[in-house]
Amino acid sequence: MEPLGDLAPDQVPERFAKLRARFDREAGVAHDENSWKSLRDFWAGRKSGVLTQVADAWLKPAKPDLKRAIGQALNELKAHVEAALESRRLAIEAAADQGALEREREDLSLPGVIRALGTRHPLRQTFEEIERIFLSLGYSVVAGPEMETPYYNFEALNIPEHHPARDNMDTFYMSTPPGAAALLLRTHTSPMQVRTMEKKQPPVRIIVPGKVYRRDNPDATHGFIFHQIEGLAVDTDITFCDFAGTVEYFVREFLGPKVKTRLRPSYFPFTEPSVEVDATCVFCGGKGCNVCKQSGWIELFGAGMVDPAVYGFVNYDAQRLSGFAFGLGVERLTQLKYNVNDLQLYYQNDMRFLRQFA
Ligand code: DAH
């Protein structure tokens with residue numbers, strides 16, 4: 001800034017007004033931090049700012065009669081400069097904040113990735129429903145190995161080597177080293193009857209949900225993997241009545257209160273007597289239709305009183321103990337409950353099929 005020069009007594013208001021106008025002009029174009037700092041140093045700098053210069057050049061040498069007027073004008077200019085500097089500072093800061101906010105803004109309007117919520121697989125739903133029913137009767141749920149020995153899968157269930165009951169249970173054998181025990185994929189969940197009784201004294205009340213395997217070609221009613229739930233109850237005084245009552249209760253819980261059950265004589269090596277549990281046809285209510293081949297009845301699952309021979313394999317006292325067992329086919333029960341006409345549908349992951357079980 002050019003030197004202020006002398007101040008004639010009649011120039012005080014005019015010269016101060018000029019300074020103020022000049023400050024206002026400069027302040028009006030200070031839009032960022034740097035230009036604001038130069039403005040501040042130029043006008044309010046302690047050593048050589050304009051305000052200091054005014055004090056040195058005009059106020060200090062002034063005659064006593066002018067000092068008062070100059071002092072007052074300087075104070076007013078000073079107050080104006082300080083107030084304006086402060087408000088500009090705040091404005092610049094606010095603008096910087098605003099800029100940062102705009103630059104760093106997250107765009108929340110972009111739609112997220114919406115993943116369709118799946119549903120539980122129908123077989124899983126049947127597992128859970130059956131587990132719920134038997135848990136409510138005091139049964140516990142146990143799991144067993146899918147790779148089994150012939151002993152647990154067959155022999156200990158009273159199915160000796162050349163027994164014809166093995167015919168429909170052809171399965172997959174593991175290649176094991178010569179001399180090592182043979183291993184196969186279990187053909188049913190029944191081996192867990194034996195494994196459980198080996199470890200636990202009565203009372204036993206278990207269900208065994210799981211996968212089973214057979215060397216079958218896939219079609220509408222066969223698969224090489226399917227699912228079963230084994231059941232076993234053994235205690236000191238379990239009667240056929242307890243067995244029939246449990247079966248009937250289960251069927252009504254699972255298929256509905258209108259369904260009637262019937263026990264039809266059958267044969268399994270590990271039960272005696274053995275039965276097939278039938279229910280009145282869920283599709284026609286027992287009147288007769290295509291599904292039940294006009295009989296009014298449909299076959300649900302196999303069951304029976306545990307054969308004493310099985311107790312022999314697990315050191316249970318057959319004189320003192322009795323019990324019953326059942327083997328539920330999960331695919332079949334799901335099929336009857338939801339009218340599924342092809343077993344393969346369960347395994348194909350076809351959304352049109354699966355969505356119907358939401
Ligand atoms: N394990 C038999 C099968 O897979 C089903 C079965 C029948 C299980 C009668 C049982 C039973 O526990 O009592 O063909």
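For reference, positions follow the sequence shown, starting with 1. Counting starts at 1 for both ligands and their atoms, in listed order. Being a predicted model, the structure only gives us computed values, none of them experimental.
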Going by the atom numbers of ligand 1, which of them fall below 4.0 Å from some non-hydrogen atom of [X]?
X	answer
Gly304	13 (O)
Ser190	1 (N), 8 (C)
Gln228	3 (C), 4 (O)
Ala325	12 (O), 13 (O)
Thr271	13 (O)

Check whether any N or O atom of Thr187, backbone or side chain, sits under 3.5 Å from an N or O atom of ligand 1, and answer yes or no.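 Looking only at distances, the answer is no, because the N/O contact criterion of under 3.5 Å is not met.
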Evaluate Phe268 for polar contact with ligand 1, using N/O atom pairs at a separation under 3.5 Å.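 In fact, backbone or side chain, Phe268 has no N or O that close.
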Could [X] and [Y] be called an ion pair, given the rule that one side-chain N must be under 4.0 Å from one carboxylate O?
X	Y	value
Glu155	Arg166	yes
Glu253	Arg132	yes
Lys63	Asp65	no
Glu86	Arg89	yes

Taking the cut-offs as 6.0 angstrom to the six-membered ring centre and 45 degrees off its axis, would you call Arg195 and Tyr152 a cation-pi pair?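 Yes.
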Separation between CZ of Arg252 and NZ of Lys260, rounded to the nearest 0.5 Å: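 Here the interatomic distance stands at 10.5 Å.
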Assess Phe270 for proximity to ligand 1: is some non-hydrogen atom of it under 4.0 Å away?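 Yes, Phe270 has heavy atoms under 4.0 Å from ligand 1.
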Which of these passes ring pair (Phe, Tyr, Trp, His ring centres under 6.0 Å) with Phe134: Phe127, Phe250, Tyr249?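 Result: among Phe127, Phe250, Tyr249, Phe250 is the only option passing the ring pair (Phe, Tyr, Trp, His ring centres under 6.0 Å) with Phe134.
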Taking side chain to side chain contact (heavy atoms under 4.5 Å, CB included) as the criterion, tell me which of Asn153, Val212, Asp216, Leu185 meets it with Thr171.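 Of the listed options, the one satisfying the test is Leu185.
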Identity and separation of the nearest protein heavy atom to atom 5 (C) of ligand 1: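 Scanning the protein heavy atoms, the shortest distance from atom 5 (C) of ligand 1 goes to Gly327 CA, 4.1 Å.
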How far is atom 12 (O) of ligand 1 from its nearest protein heavy atom, and which residue and atom is that?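 For atom 12 (O) of ligand 1, the nearest protein heavy atom is Glu230 OE2, 2.5 Å.
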Could you pull out, from Met192, Glu276, Arg214, Gln193, the option with a heavy atom nearest to atom 3 (C) of ligand 1?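 Checking each option, the heavy atom nearest atom 3 (C) of ligand 1 is found in Arg214.
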